[in-house]
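First up is the structure itself, then whatever we jot down about it.
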Amino acid sequence: MDARLSVIDERLAGIKRIVAVSGCKGGIGKSSVACSLALLLSKANYRVGLLDLDFFSPADHIMLGVRNVFPKEEKGLVPAEVAGIRFMSIVYFIEDRPAALRGIDVSNAIIELLAITQWHNLDFLIIDMPPGIADATLDVIRLMKRIEFLIVATGSKLALDSVTKLIKMLKALNIPILGIIENMRIGKSNAVQESAKTLGINFLGTIEFDYDFEDCIGNVDALMKSKFVKQLSAIVAKHKGLLR
Amino acid sequence: MDARLSVIDERLAGIKRIVAVSGCKGGIGKSSVACSLALLLSKANYRVGLLDLDFFSPADHIMLGVRNVFPKEEKGLVPAEVAGIRFMSIVYFIEDRPAALRGIDVSNAIIELLAITQWHNLDFLIIDMPPGIADATLDVIRLMKRIEFLIVATGSKLALDSVTKLIKMLKALNIPILGIIENMRIGKSNAVQESAKTLGINFLGTIEFDYDFEDCIGNVDALMKSKFVKQLSAIVAKHKGLLR
Amino acid sequence: MHEWSLAQAVVNAVADYCARNSCKEAEAVVVLGELQQINASVFKLALKEILEAQNMRKIKIKIEREEAVFKCRVCGFQWNFSRTKKGLNASDAELIHFIPDVSHAYIRCPKCKSPDFEIVKGRGLWIKEIKSL
Amino acid sequence: MHEWSLAQAVVNAVADYCARNSCKEAEAVVVLGELQQINASVFKLALKEILEAQNMRKIKIKIEREEAVFKCRVCGFQWNFSRTKKGLNASDAELIHFIPDVSHAYIRCPKCKSPDFEIVKGRGLWIKEIKSL
Ligand SMILES: Nc1ncnc2c1ncn2[C@@H]1O[C@H](COP(=O)(O)OP(=O)(O)O)[C@@H](O)[C@H]1O
Ligand SMILES: Nc1ncnc2c1ncn2[C@@H]1O[C@H](COP(=O)(O)OP(=O)(O)O)[C@@H](O)[C@H]1O
Ligand SMILES: [Mg+2]
Ligand SMILES: [Mg+2]
Ligand SMILES: [Mg+2]
Ligand SMILES: [Mg+2]
Ligand code: NI
Ligand code: NI
Ligand SMILES: [Zn+2]
Ligand SMILES: [Zn+2]
């Protein structure tokens, strides 16, 4: 019997809302949105946690310029605080080593993290999801009954195809979907907005392709001033009821 | 005992070279490179197979505009031929349904596909890899002893961090790496080329960000005329010894 | 007739066993998991044909069947394939026949609708035993 | 002292069991897998403290240990954690202590160098048995 499963609810009890940033396909901006959203909410004086569950391409520590921190051991692991955000990631444990993790290992590591992480009280826990509908996605659905999904997509046919599958599954399971954010828009196609309509999902807004975004990675101040974050901030402001 | 493992070598015996297009991170152009490379090699009169192993964001059927085909049942499954390429993908079996596959299911499905697919004689089998170093990557390494990797990366810090881990692992295992292709270049940074140097990997060349690429998806003729494919074609021509 | 490719897998496994143990007479017990819906008579015919072609007439292969059982990872409910099979049309069942794992795209937990279930047993073909005679 | 969080997991599991079975006296057997390197005395102290705080003094918890065994998925080689542990420095071992699965970033098959191994047993903490007294 897996004792760890008996303590997860208690570990999450002090968290008001759990939001998984997902989109099934890789490289559509899940990590960029997750980190920026965590920063914005923290700046708005919410207590925010950020959990990077992409064990193969963990990005949030790079995005936020995290260096030389480690969780504190205190009745479990208390996430290090980075730019006001309580931050938990597999990189604390693997650093820059390649980690060959099959699904069963990913699942076990997620259960372990959820069982030992002491988030204490949070208004939001933002989860940066890996691509796919595999162990990580199935485990957050299974283990976090209050989870809500925030969907990211690009206008590419390839991204829309994947994200459509994820949305269909979430809807069939009656899991709340906050809505869909279009990212990296370059042309004028309305494909994401139209897909949202067809799928019956809230279309939240567009973040354009930001040619200066790469230069902001690793620097929280620069990120906060980027066009990317400004557009995300406008989306959050426009849908005030959604995230509070 | 898993009988399927005893027949995989025989199924691959008629294939001269097996090339996995990978890069650990999602959305860097693995599928775009894999499909385009398969088309280019086929056009150069090689016998080419294409195996899409990204079960969550299968893209190759969309890229190649595959419609209404299914493998032929003949002592196993003989891949359908699409634009001269023998094409195998999970989409034959799941179509546009969401498939919740944990690592163990992905691994089982890959073993099954390798055991029943009759590729017959091929000069190249191109494998379009999913992101990560999870079940699919570990299984192709485990089950295809002759596999070679072709690495795709973008200049983003996030992509380079992930791809570096994959390359470190492949090198430690003495798995041949053909080299690294930089994709979606926009600015003038030499980050990919420098990483290649540091890692001791062949830098093969650059494919620039192609603003018209999205419009070519689904149309083989348009793809072949795209800037993307022209630049990939130049890379292949420049490294003639690499792929023949 | 993709059963042929699996029959060949079995014959290869037995041949490997015989090579390792320098024997010419052996008996194998092959289990056919229900989910894969292998046509046993086609499979037996293929086995016979391959064994003859490879001059392995002294190999005996016994066939057993195993029912498929699923267990939901979300609510813990356990059920049999026969229960959900009725809900599948013939062409969906055919796709599961090729790759049993794609059942995760077609079958849902009857109790909580989750696609996150374990195939506890009866997924597909495996060899329970090989022994030299 | 992250052992405390796992001790609480065990106590919760036993409390759930007691609630389901309406009992106040129970005994649980907890297995500590070697790979997780749980400090047994710290763990026992945490158990005692939590059981007292939750008024569960009639719960007995027995502790067993299980050695960790790995099996390489590539070459089939099987080995014990004790064999590879020597190659780990203290800080790497500490990281495995928190998340045993990250051993895939630190441990390689001694025979073929693959990181693709199965943790056959001894990964970490689990409950072998709970019974009411
Ligand atoms: N709006 C945007 N404009 C420009 N680049 C972006 C934008 N959004 C994301 N990126 C870049 O695209 C790449 C993929 O984004 P990332 O957030 O890592 O995606 P995911 O987490 O979905 O894999 C990264 O290099 C990131 O810096
Ligand atoms: N050089 C390029 N220029 C413009 N778009 C590109 C380029 N390479 C890939 N893309 C687009 O980027 C997205 C990700 O590419 P894809 O091949 O699907 O990556 P992966 O297989 O690594 O996830 C797709 O929408 C694709 O059309
Ligand atoms: Mg990411
Ligand atoms: Mg792809
Ligand atoms: Mg089959
Ligand atoms: Mg631990
Ligand atoms: Ni068949
Ligand atoms: Ni500890
Ligand atoms: Zn269920
Ligand atoms: Zn090995």
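Chain naming here is simple, since letters A, B, ... match the order of the sequence lines and numbering starts at 1 in each.
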- Item | Pair A/Phe209 and B/Tyr211, ring centroids less than 6.0 Å apart | no

- Heavy-atom count around A/Lys168 NZ within 6.0 Å, excluding the residue itself: above 12? yes

Check your understanding: Is B/Lys145 atom NZ crowded by more than 12 heavy atoms from other residues, nucleotides or ligands, each under 6.0 Å away?
Key -> yes

Please classify the contact between [X] and chain A as side chain, backbone, both or neither, with a heavy-atom cut-off of under 4.5 Å.
X        : answer
B/Ser189 : neither
B/Ala136 : neither
B/Pro130 : neither

Answer yes or no: is there a donor N or O on one side and an acceptor on the other, between the side chain of [X] and the main chain of [Y], under 3.5 Å?
X        : Y       : result
B/Asp161 : A/Ser57 : no
A/Lys25  : B/Gly26 : no
B/Lys165 : A/Asp96 : no

Between [options], which has the largest tally of heavy atom pairs under 4.5 Å with chain A?
options                              : value
B/Ser31, B/Pro58, B/Ser107, B/Ala100 : B/Ala100
B/Ala134, B/Gly187, B/Cys24          : B/Ala134
B/Gly27, B/Pro98, B/Ala59            : B/Pro98

Exercise. State, with a plain yes or no, whether a side-chain heavy atom of A/Arg102 is found less than 4.5 Å away from one of B/Asp139.
Key: yes

Counting heavy-atom pairs under 4.5 Å with chain B, the top scorer among A/Ala99, A/Ser156, A/Ala159, A/Pro131 is A/Ser156

By residue number, those in residues 216-232 of chain A with heavy atoms under 4.5 Å from heavy atoms of chain B are A/Ile217

Okay, A/Ile104 and chain B: the region with an atom under 4.5 Å from a heavy atom over there is neither

Okay, A/Ala172 and chain B: the region with an atom under 4.5 Å from a heavy atom over there is neither

Separation between OG1 (A/Thr137) and CG (B/Leu101), nearest 0.5 Å, reads 11.5 Å

